Every structure is written in C-alpha cells, then in structure tokens.
2 protein chains.
Amino acid sequence: MENKIKIHLADDHQVLIDGMLAVLKTNSNFEVVGFSLNGENLVERVAKNGTDILVMDINMPEKDGIQVLREFNEKGFTCKVIVLSSYDDAKLIKEVVKLGASGYLTKQCAGENIIDAIRTVADGEQYFSSTIKDKIFNIFTNNSQNQAMNTEEIISSITARELEILNLISQEKSGKDISEMLDISVNTVETHRKNLMKKLNVKSSVGLVIFAAKHNLIEN
Amino acid sequence: MENKIKIHLADDHQVLIDGMLAVLKTNSNFEVVGFSLNGENLVERVAKNGTDILVMDINMPEKDGIQVLREFNEKGFTCKVIVLSSYDDAKLIKEVVKLGASGYLTKQCAGENIIDAIRTVADGEQYFSSTIKDKIFNIFTNNSQNQAMNTEEIISSITARELEILNLISQEKSGKDISEMLDISVNTVETHRKNLMKKLNVKSSVGLVIFAAKHNLIEN
DNA sequence: TTTTACCTCACTAATTTCAGTTAGAAAAAA
DNA sequence: TTTTTTCTAACTGAAATTAGTGAGGTAAAA
C-alpha cells in the first residue's frame with residue numbers, strides 16, 4: 001500500500017474546514033495533517049509536518065494566500081498548493097498561476113472536484129476547474145492576438161478607489177460632489193474619471209455607467 | 001329565461017377573435033352578435049345590431065379603440081365597452097377610463113376573466129383586472145397626496161422622439177452626434193435632453209441612462 | 001534597491017452639458 | 001374652432017466634463 005497524501009487546509013471559515021474534513025475523510029488515500037484559520041506561520045507549519053498538498057483560501061486574516069505563495073517561492077519550499085477561492089478574478093488567477101500554484105478552484109465547485117484536484121496535483125499535474133481554464137484561455141488568446149485587453153482584465157484592473165468613484169458617478173454625483181464626499185480635490189476626481197474612461201474604453205461618464213451596470217460593478 | 005347578453009368583438013387578430021368565440025360559446029347566456037377586425041364603422045355596426053357589450057382591442061387599423069370610444073361619447077351611444085389591450089400603460093388606462101369604458105383587461109388574462117368581466121359589466125358594474133386596479137390605485141394615490149408623478153405616468157409621458165433621443169444618449173452619443181444622426185439642431189437635442197431630465201426628475205445624462213436602464217426603456 | 005502601482009493634485013484649453021426662457025409650426029384633441 | 005401636445009429652434013450664461021500633460025508621495029513588489 002502506498003503512502004497517504006498528506007493534506008493541510010487553510011481557510012478562515014471554520015465551517016468550510018469542517019466540511020472539507022468530512023469530504024476528505026471519505027477517501028482513505030488522504031490524510032489531513034493540519035489546518036489553519038489564517039495565514040500566520042502557515043509556511044512553517046506546512047514545512048514542519050511534511051505536508052504534500054496545501055489547500056488554501058486567498059482571503060485570510062494576518063497573511064493572505066498571495067503572500068503565502070510568495071513566501072513559498074522565497075524560501076524554496078516545494079509543497080504543492082491548490083488555491084480554493086471565492087473569487088475568479090482574472091488578475092487573481094494570473095497572479096496565483098504566476099506564483100506557481102498547482103491548482104485553482106472556486107468555492108462554487110463540488111467536494112468531488114476538490115478530491116479530483118488533490119488526486120491530480122498529487123500525481124504531479126495541474127488542476128484548474130473548467131471556468132478557470134476558460135478565463136486563462138481568454139486572457140491568453142485575447143492578450144496575444146489582440147492588442148486590446150480582455151474585458152476580464154479590464155475589470156480587474158480597476159482599482160478600489162476607481163471603483164468607489166465609478167459608483168458615485170453611477171449615482172449621478174458630479175465631480176464636485178464626489179470630491180466633497182471623499183474629501184479630495186476635484187482635480188483628483190477628474191483624473192480618476194479620466195483614467196477610468198481610458199481603461200474601460202468609453203467616451204463619457206455615460207459610457208462608464210453603462211459599463212458598470214453591464215458588468216455588475218455597481219450596487220443598486 | 002332571461003335575454004342573452006349580446007356581445008360584439010373587435011380585434012385585428014383573427015385568432016384572438018376565434019379563440020374568444022370558442023370561449024364565449026361555453027356560456028349559454030352569451031351571444032356573439034358580430035365581430036370586427038378593425039375600427040371602421042364599428043360604432044354604426046354596434047348600434048345597429050343592438051349590442052349590449054363591446055369587447056374591443058385598442059390597437060386596430062383604420063380607427064383605434066380610443067377613437068371609437070370618443071365617437072361613442074360624441075354620438076351618445078350607451079353600449080358598454082370592455083377594453084382588451086396588450087398594453088397596461090398608465091396613460092392609456094387613464095384615457096380609457098376617462099372615456100367611460102366599463103372594463104379593462106390585458107391580454108395576459110385568462111378566458112375565465114373575460115367571462116367574469118362580461119358578466120360583471122352586464123350587471124352594471126365595472127371590471128378591471130387586479131394589475132390594472134393596482135395601476136389605477138397608484139396613479140390615484142401618488143397623484144393626490146404627492147405632488148410628484150407616479151413612475152408609471154412618468155414613463156408613459158415620454159414621447160416617441162424623446163425615447164429615441166434617450167436611447168441615443170444611452171449609447172454614449174453626444175448632443176452633436178445625435179443632432180447629426182437625426183438631422184436636427186443641437187439646440188433641439190438639448191431641449192429634448194432637458195425636458196427628459198425634468199420629466200424623469202434626474203440631474204444629468206447619467207441619471208437619464210440609469211432611469212432608462214432600470215425601466216428597460218433601452219434596447220441593448 | 002529599484003521599480004511599479006496607486007493615489008494625489010495642478011494647470012490649460014476645448015467642448016459639452018445644464019438651466020431657464022421663449023417661441024413658431026404642425027397635428028391632434030376637446 | 002380653440003386648445004393642447006409635440007417637435008422644432010434659438011439665446012444666454014453658468015457649470016461640468018473631457019483631454020493632455022506633468023508631477024509628488026507612499027507602499028508594496030521585484
């Protein structure tokens with residue numbers, strides 16, 4: 001009989017950890033050797049208990065998944081990582097892949113998929129869910145053949161501040177209104193507006209609002 | 001045994017007439033004494049064959065339902081009219097009620113409802129489907145206690161030309177763009193824009209677009 | 001350490017939009 | 001026939017947006 005696959009789980013949601021434990025217990029080839037509710041000391045713990053595969057969320061307190069991956073690279077650890085995130089943001093996927101993760105699943109996936117993923121990654125291959133594969137494919141194709149950016153990437157290139165301002169614009173606020181609400185200069189607001197228009201490739205604030213509405217970037 | 005209720009049907013869709021005939025045949029108290037595929041001579045025909053109740057569509061070739069109702073009023077005919085329309089536009093309902101129709105149903109209603117309506121109206125009462133009642137209620141309440149107009153009414157107060165311009169604005173067109181596309185003066189376009197903003201009670205073109213999107217006033 | 005990303009702000013200049021008012025013409029309704 | 005609705009248009013002046021450029025500061029990443 002071969003050795004069991006040693007798994008470490010990292011997610012700030014206890015219920016999810018518990019659920020995963022239950023799911024993974026059904027497979028006698030898996031052994032969960034530890035779990036973490038945040039990113040602190042995660043790298044050390046994983047290294048210490050000889051983990052084969054780390055199944056990790058991105059959003060975690062103290063230290064997020066991206067930082068953990070980076071640390072893995074810096075310290076030259078070879079533990080394989082499967083990212084299990086709520087988000088399927090193009091920018092995030094790109095980053096995660098670049099940092100050498102072996103797999104990426106969204107939390108919409110079934111427990112079945114996680115088992116598949118672990119098995120696949122344990123065999124030395126990579127595992128990405130089909131929706132993620134599509135995104136990667138889109139990023140790749142739209143990036144190389146077109147000079148234009150992919151909509152996915154456009155959206156994920158919007159910064160937090162820009163999104164904030166995009167929202168206010170979508171609420172009929174003028175530049176001046178916004179500058180007062182955020183306590184910044186009108187010039188700054190207009191710079192953001194300008195940058196947004198360039199990014200989203202639209203001609204006016206109306207274009208911004210249409211784009212925002214179409215891609216559910218605005219609450220309301 | 002009492003007299004049968006004499007009914008005349010008017011609708012430009014033959015299938016609908018046929019369907020109604022089949023439905024009304026199931027009730028031995030009803031007698032369809034005639035039907036029309038357009039509004040021409042409708043008033044005369046109804047008067048001639050002693051119709052008790054006219055079930056009429058609004059959209060008809062030659063002469064529409066509104067004109068027919070008006071004619072009834074002018075000539076002092078007392079035939080009761082049930083309007084059966086595809087639309088539940090507030091303006092239309094208001095108009096129809098003002099012109100003295102005894103009932104209003106949308107074509108989404110069941111055959112059952114039409115039978116109910118005919119029976120009710122024959123008894124001298126009025127019949128409006130619940131959705132229509134709601135609309136009337138909204139118009140009434142929002143009109144009297146608030147000075148502001150009801151959204152229903154606001155929407156139906158948008159003219160065809162305004163809607164056209166609203167659409168173009170929602171496509172990122174500038175005033176100049178629109179003036180060239182419609183071959184009218186920029187001033188005119190801006191007047192329309194201004195009137196729209198006043199009507200829809202918004203502060204800017206962005207507001208117009210949001211309103212339009214929210215109420216499905218724009219195709220795309 | 002150097003680079004990159006992001007937020008910040010300013011200044012100019014052109015263009016567009018917004019607000020209020022007035023008014024003519026045509027068509028439809030009262 | 002008179003009134004109302006709708007579309008058209010012009011004018012003024014204020015306010016806002018758009019476009020381009022340059023640049024300082026901070027925090028994080030390479």
Side-chain angles (χ1 to χ4, degrees), chain A residues 63-64 66-74 91 94-95 98-100 153 156-166 168-169 172-180 182-209, chain B residues 63-75 91-92 94-96 98-100 153 156-166 168-169 172-180 182-209:
Chain A
K63 191 180 284 182
D64 74 23
I66 298 291
Q67 290 174 294
V68 172
L69 282 170
R70 218 168 259 139
E71 214 174 319
F72 269 112
N73 287 328
E74 281 171 11
K91 196 177 181 181
K94 214 177 170 184
E95 185 77 3
K98 196 175 66 177
L99 289 171
E153 286 199 295
S156 60
S157 75
I158 300 171
T159 69
R161 193 57 150 176
E162 284 170 349
L163 190 59
E164 200 176 359
I165 284 166
L166 181 55
L168 293 171
I169 290 173
E172 278 201 81
K173 307 297 181 201
S174 71
K176 196 176 151 222
D177 291 342
I178 297 171
S179 78
E180 283 160 7
L182 301 183
D183 198 29
I184 55 178
S185 153
V186 176
N187 295 311
T188 305
V189 175
E190 294 310 325
T191 300
H192 283 306
R193 190 204 300 270
K194 211 179 326 174
N195 291 337
L196 275 167
M197 288 195 293
K198 204 164 208 170
K199 268 186 192 174
L200 307 191
N201 198 31
V202 297
K203 295 196 293 274
S204 67
S205 291
V206 165
L208 290 180
V209 172
Chain B
K63 191 180 284 185
D64 74 22
I66 299 291
Q67 289 174 295
V68 172
L69 281 171
R70 216 168 260 136
E71 213 173 322
F72 269 111
N73 287 326
E74 282 171 11
K75 306 196 174 167
K91 195 177 180 181
L92 189 58
K94 213 178 171 183
E95 185 76 5
V96 164
K98 195 175 67 176
L99 288 171
E153 285 198 298
S156 59
S157 75
I158 300 171
T159 68
R161 193 57 151 177
E162 284 170 347
L163 189 59
E164 198 175 2
I165 283 164
L166 181 55
L168 293 171
I169 290 173
E172 278 202 80
K173 308 296 182 200
S174 70
K176 198 176 147 216
D177 290 343
I178 296 172
S179 77
E180 283 162 6
L182 300 183
D183 199 30
I184 54 179
S185 153
V186 177
N187 295 311
T188 306
V189 175
E190 295 310 325
T191 299
H192 283 306
R193 189 204 302 270
K194 210 178 330 172
N195 291 337
L196 275 167
M197 289 195 292
K198 203 164 209 170
K199 268 186 191 175
L200 308 192
N201 198 33
V202 296
K203 296 197 292 277
S204 66
S205 291
V206 166
L208 290 180
V209 173

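These figures come from a predicted structure and were not determined experimentally. In the text below, chain A, chain B and the rest are named by the order of the sequence lines, each starting its count at 1.
- An OP1 or OP2 oxygen of C:dT8 is reached within less than 4.0 angstrom by a side-chain nitrogen or oxygen of A:Arg161.
- Taking CE from B:Met197 and CG from B:Leu208, the interatomic distance works out to 6.0 Å, rounded to the nearest 0.5 Å.
- Two residues, A:Lys176 and A:Lys194, neighbour DNA chain D, and the one matched to the more 5' nucleotide by heavy-atom proximity is A:Lys176.
- The CD atom of A:Glu164 sits 13 Å away from the C1' atom of C:dC6 (whole-angstrom rounding).
- Heavy-atom distances to DNA chain C give each of A:His192 and B:Ser204 a nearest nucleotide, and the one nearer the 5′ end belongs to A:His192.
- The nearest whole Å value for the distance from the CG atom in A:Asn195 to the P atom in D:dT17 is 16 Å.
- Taking atom CG of A:Asn73 as the reference point, atom C1' of D:dA29 lies 13 Å away to the nearest angstrom.
- Straight-line distance from the CZ atom of B:Arg193 to the P atom of D:dT8: 15 Å, rounded to whole Å.
- Atom-to-atom, CD1 of A:Ile169 to P of D:dT18 comes out at 8 Å; the value is rounded to the nearest Å.
- For B:Asn201, the CG atom counts as loosely surrounded, since its 6.0 Å shell holds 12 or fewer non-hydrogen atoms of other residues, nucleotides or ligands.
- Residue-to-nucleotide contacts include a donor-acceptor pair under 3.5 Å from the side chain of A:Thr191 to the base of C:dC9.
- Straight-line distance from the CD atom of A:Glu74 to the P atom of D:dA28: 15 Å, rounded to whole Å.
- A donor-acceptor pair under 3.5 Å is absent between the side-chain atoms of A:Asn195 and the main chain of A:His192, judged by distance alone.
- For the atom pair A:Ser185 OG and A:Lys176 NZ, the distance stands at 13.0 Å (nearest 0.5 Å).
- Taking only side-chain atoms of B:Glu95, from C-beta outward, the nucleotide of C:dT16, C:dA30, C:dC18 with the closest atom is C:dA30.
- In terms of phosphate contacts, A:Thr188 brings a side-chain nitrogen or oxygen within less than 4.0 Å of OP1 or OP2 of C:dC9.
- Comparing C:dT8, D:dT17, C:dA30 against the side chain of B:Arg70 picks out C:dA30 as the nearest.
- The interatomic distance linking A:Gln67 (CD) with D:dA28 (P) rounds to 9 Å, in whole Å.
- Checking D:dT8, D:dA10, C:dC18 against the side-chain heavy atoms of B:Ser185 singles out D:dA10 as nearest.
- Among the heavy atoms of the strands lying under 4.0 Å from B:Thr159 are primed sugar atoms or P, OP1, OP2 only; no base atom is included.
- Nearest to the side-chain atoms of B:Glu190 among the listed nucleotides D:dA9, C:dT17, C:dC7 stands C:dT17.
- Of the possible donor and acceptor atoms, one in the side chain of B:Glu162 sits under 3.5 Å from a partner among the backbone N and O of B:Thr159.
- DNA chain C is contacted by both A:Leu182 and B:Val202; A:Leu182 maps to the nucleotide lying nearer its 5′ end (nearest heavy atom per residue).
- One interatomic measurement links the two molecules: CG of A:Asp183 to C1' of C:dC7, which rounds to 14 Å at whole-angstrom precision.
- Although no hydrogens or angles enter the test, the distance criterion places a donor-acceptor pair under 3.5 Å between the side chain of B:Thr191 and the main chain of B:Asn187.
- Between B:Ala160 and B:Asn187, the residue whose closest nucleotide on DNA chain D is further toward the 5' end is B:Ala160.
- Listed candidates were D:dT18, D:dA30, C:dC9. Nearest to the side chain of A:Lys98 is D:dA30.
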